[in-house]
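This is a predicted model, so every value here is computed, not measured. No hydrogens, no waters, no symmetry mates; every other heavy atom, side chains included, goes into these values. Throughout, protein chains are lettered first and strands after them, A, B, ... in sequence-line order, and every chain is numbered starting at 1.
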Amino acid sequence: MGTDAGLIAEVIVDVPAKATDRPYDYRIPTELFTEVQIGSRVKVPFGPQKRIGYVVNIKERPAAGRLKSIQEVMDFAPPLTPELVQLGFFMANEYLCRTITALQSMIPAVLKGTYQKIVRLHPEAGRKEETLLSLSAKSLLVHLREQGECAWEDALRFAGVDASLLRQLSEEKWVVLEERVGDRVTKQKVIFVRPKKPEELANAAASLSARAVRQKEVLRFFEKRPREIALPDLLSELGVARSTVKTLVEAGFLEWEERELYRDPFAHRQFERTAPLPLTPEQYQAFASIVAPIRERCFRSILLHGVTGSGKTEIYLQAIAEVMQQGREAIVLVPEISLTPQMVDRFKSRFGDLVAVLHSGLSGGERYDEWRKIRLGKVKVAIGARSAIFAPFQNVGLIIIDEEHESSYKQEENPKYHARDVALWRAQHHGAALVLGSATPAVETVVSAQQGWHEWVQLKERVKGRPFPQMEIVDMREELRKGNRTMFSERLKEELLSCVNRGEQAVLFLNRRGFSTFVMCRECGEALVCPHCDISLTYHQTNRTVRCHYCGFAQRMPGACPHCQSKHIRHFGTGTQRVEEELARRFPGLRVIRMDVDTTSRKGAHERLLNAFGSGKADVLLGTQMIAKGLDFPQVTLVGVIAADSMLHLPDFRAAERTFQLLTQVSGRAGRHEKPGRVIIQTYSADHYSIERAVEHDSDGFYRQESIIRKQHGYPPFYGLFTLLLSHPDRVSLMRQGQEMARFLGKNLPKRTRLLGPVPAPIPRLKDRYRLQMLIKYPPLDEVTAEKCKICLRELEMRIDDGDLRFSIDRDGIVWERSFHENGHS
DNA sequence: AGCACGCCGACT
DNA sequence: GTCGGCGTGCTC
């Protein structure tokens, strides 16, 4: 400790509290001079404790008098680059979150959770006299004898156990306090399977009993492809059980071997190298617009507005090749849901092992490995979901956001960033090209393109001149009048039948899972509501339960109304399970695959179901949201949307936009290959513009109309929006504090703003917490006012003294044209 | 967020 | 008298 000369590091400490959200100065010991860099993760003494922090600046003179020293540098290479540190400050300001929270969101989880603190029984503890210990200490020891060990946090849950007691017990050798590091082992054991005698596979198959269907399937697979394959891949590819393979190994037809290898999710897969495909004139023009800023090495953003099937991916691939030729790197963001093996394969096939893939299916350690390849410059392309925008490259030339309108680019937890905003910041920082690709861009993106902030490139043709599917609206009010009270219109039934009779496939889309949407008593009119959330419960037929889709609450379907004991309690509305049942009744023999959260929650189920459908094992694919995008099956010639208005009436200013996007995206699933496609849209709101414009393939018309409405109602992108959400376990306290906060805001918000609320949030109670919402609107393009709002909101947050009150702020309609670099961080 | 310090009630 | 409850305030 001392004040003498030397280098000083500014450190953001790993304490996500408002009081500690600022850099602290530490002396850098001479022996660490070369190791400590901006972005380094370090251990520092902080008050009476030792904590982790990130170096955000290095300077010569300290701000405070007495300085402590950095104790340790934790990694070989700093996990953050100076650019990402700067970005952290930007995000903290922009999204009103703690700097440490922003920085932590940029690195893989294994680096932040760093270690779990564990309390273990000391080996000597068994032989010691316990009588002198306090009651709480004894009860903890009893627990440890049973469990062996427990997490530090759990130990503290014992009455009377606190940190000082634990430390004392550790000094007296009753327990061991241990810091356990996360799984950062880079080796993995994988079993490989191969045929023993490839030439005898046919004979082997013949020798099996007729009942060994699965075994024969495996042998036939190897006949076609007599190479070795990793066991997990074999299982997921064929959907067979491990035991099936084991039987074949024991019978001597196959052999397997366990090998230790460096974890690489794709190492054992073979990729056919692909060459660039020739581009159509339209595609070439788009390619040229992207490549121009890359060659000039200056920032530019491009909205690539291309109809479904217009070949955007090939353009991305060729633009990336250009970037790599310059020795720069590319980041590709795709929505998690479309980060399918097919998608990844396309990139891997073109660029081989120069690609790192970051998706949620990876284990913590695998993710860390991929991330490290980026950090160490071993790869040139990073492809992944939202958080891949933080890929620690140093020389980015191109950032691509595919399906840029997707709501999954917005993070729902703190920091509540939008990957699009972060991408813009990084692209500006690097002088890179930013490509926003979509068939149905977000309204704000279209508007800012119209205002000239993005180059707007349209792709209006599908590759190989395939026609757009014919789209048809069926007005369900009309059906009702004709006496058809089922969920299928006559048109849909007709088309479904003829589609299946031609031997082709259909996709049916319904945005609600479960069997019915709500359960109501016909006697008293009360609906069943989740006891924790104030949301109607959904009936699930398979196990006769009612479930809350928000918190997971489930109970048996009651036999009588809990309010009036009447037996006349019934479910209403339509979910995927009910459609499935109805299909089975009306079309006996029809083979249906249902895909929703309930059928795809098991690992690999998603892929297996899609593979089954793709290989013709079903006539109909019935599903929710998750089947809307990215699917490409040549045999699909009919798409049916069972209730197009299911999301139209939600209390969300983006409801119309979402409906238009959804209809356009699902319609893109039909007739992508040689056979022409047809789309049937059932709705009770047949004349709504979002549905009409989608059916007419008139996106310009939709954006025009939607812009007018957004402007009229004062919504983004024509107004800026802060959405405040307050939640509290007690309704009365919440109401009172909501009123107080509104009064404070009313007094302190800058001029030119409007405060709306507080009103109950769209979900008024969630997981036993009541919720209130407030909106602050401010004029467009007015970043001065936005900045003043942020100051006011920070002050508001400082005034909260109720530990039970949770307060979160969402931002919308951030203005695009302002140069982020002139703002915020120092 | 932790953790120490400090100030009041109920126990040997 | 002291053990232990949790309010208050600080962390380079």
Side-chain angles (χ1 to χ4, degrees), chain A residues 1-30 32-33 36 38 40-74 85 89 92 96-105 112-119 131-140 151-171 177 179 413-415 794 797-808 826:
Chain A
M1 228 179 270
T3 56
D4 48 320
L7 288 181
I8 309 300
E10 290 184 16
V11 175
I12 298 282
V13 181
D14 167 30
V15 180
K18 44 196 164 195
T20 51
D21 188 22
R22 63 192 169 85
Y24 288 83
D25 286 358
Y26 286 90
R27 205 169 62 81
I28 306 177
T30 23
L32 294 180
F33 268 13
V36 175
I38 291 181
S40 290
R41 203 162 56 111
V42 293
K43 270 189 195 154
V44 290
F46 191 66
Q49 10 166 6
K50 199 160 108 183
R51 305 217 55 140
I52 291 173
Y54 293 86
V55 176
V56 294
N57 195 18
I58 293 173
K59 61 188 181 183
E60 305 239 338
R61 303 187 141 278
R66 223 176 259 114
L67 294 191
K68 293 183 181 175
S69 293
I70 288 180
Q71 287 178 334
E72 186 189 331
V73 177
M74 300 178 66
V85 169
F89 283 112
L96 297 146
C97 69
R98 321 260 100 98
T99 314
I100 189 66
T101 312
L103 295 175
Q104 302 258 43
S105 69
K112 38 186 151 152
T114 332
Y115 31 65
Q116 251 185 315
K117 288 194 276 188
I118 302 270
V119 183
T131 43
L132 293 175
L133 292 175
S134 69
L135 215 60
S136 3
K138 279 185 205 154
S139 67
L140 176 66
W152 171 271
E153 296 76 27
D154 292 334
L156 293 181
R157 268 196 262 286
F158 280 84
V161 175
D162 65 1
S164 53
L165 173 64
L166 285 171
R167 209 149 288 148
Q168 193 193 331
L169 287 173
S170 145
E171 253 167 52
L177 302 182
E179 292 168 337
E413 296 99 57
N414 271 329
R794 263 202 213 92
E797 199 185 356
M798 295 297 275
R799 297 163 64 95
I800 296 174
D801 55 357
D802 178 347
D804 287 330
L805 183 72
R806 268 187 228 153
F807 175 54
S808 78
S826 47

Exercise for the section: Answer yes or no: does a side-chain N or O of Y24(A) lie under 4.0 Å from OP1 or OP2 of dT11(C)? Expected result: no

Problem - Ion pair check, E413(A) and R806(A), cut-off under 4.0 Å - result: no

Practice task
Nearest whole angstrom, please: distance from the P of dA1(B) to the CD1 of I12(A).
Solution key: 17 Å

Practice task
Whole angstrom is fine here: how far is it from CZ in R98(A) over to P in dA1(B)?
Solution key: 9 Å

Exercise for the section: Would you give the length of the straight line joining atom CD1 of I100(A) to atom OG1 of T20(A), rounded to the nearest 0.5 angstrom? Expected result: 9.0 Å

Problem - Sugar-phosphate only, base, or nothing, as touched by Y26(A) at under 4.0 Å among non-hydrogen atoms - result: sugar-phosphate

Exercise for the section: Measure the distance from NZ on K50(A) to C1' on dC12(C) and round it to the nearest whole Å. Expected result: 18 Å

Handout entry: Spacing of R66(A) atom CZ relative to dC12(C) atom C1', expressed in whole Å
Key = 11 Å

Practice task
Measure the shortest side-chain to side-chain distance between D14(A) and Q104(A) over non-hydrogen atoms and say whether it is less than 4.5 angstrom.
Solution key: yes

Practice task
Measure from CG on D14(A) to P on dC3(B) and round the result to the nearest Å.
Solution key: 13 Å

Exercise for the section: Could you check whether P45(A) gets within reach of a base, just the sugar-phosphate, or nothing at all, counting any heavy atom under 4.0 Å? Expected result: sugar-phosphate

Problem - Proximal nucleotide (of dG2(B), dC3(B), dA1(B)) relative to the R51(A) side chain - result: dG2(B)

Practice task
For the side chain of P48(A), starting at C-beta, report the closest nucleotide among dC12(C), dA1(B), dA4(B).
Solution key: dA4(B)

Practice task
Please answer whether the main-chain N or O of P45(A) pairs with a side-chain N or O of Y26(A) as donor and acceptor at a distance below 3.5 Å.
Solution key: yes

Handout entry: Length of the CD1-C1' vector between I52(A) and dA1(B), whole Å
Key = 14 Å

Fill in the blank from the handout: K18(A) NZ to dA1(B) P, in whole Å, measures 8 Å

Exercise for the section: Could you tell me the separation between the CD atom of Q104(A) and the C1' atom of dA1(B), rounded to a whole number of Å? Expected result: 13 Å

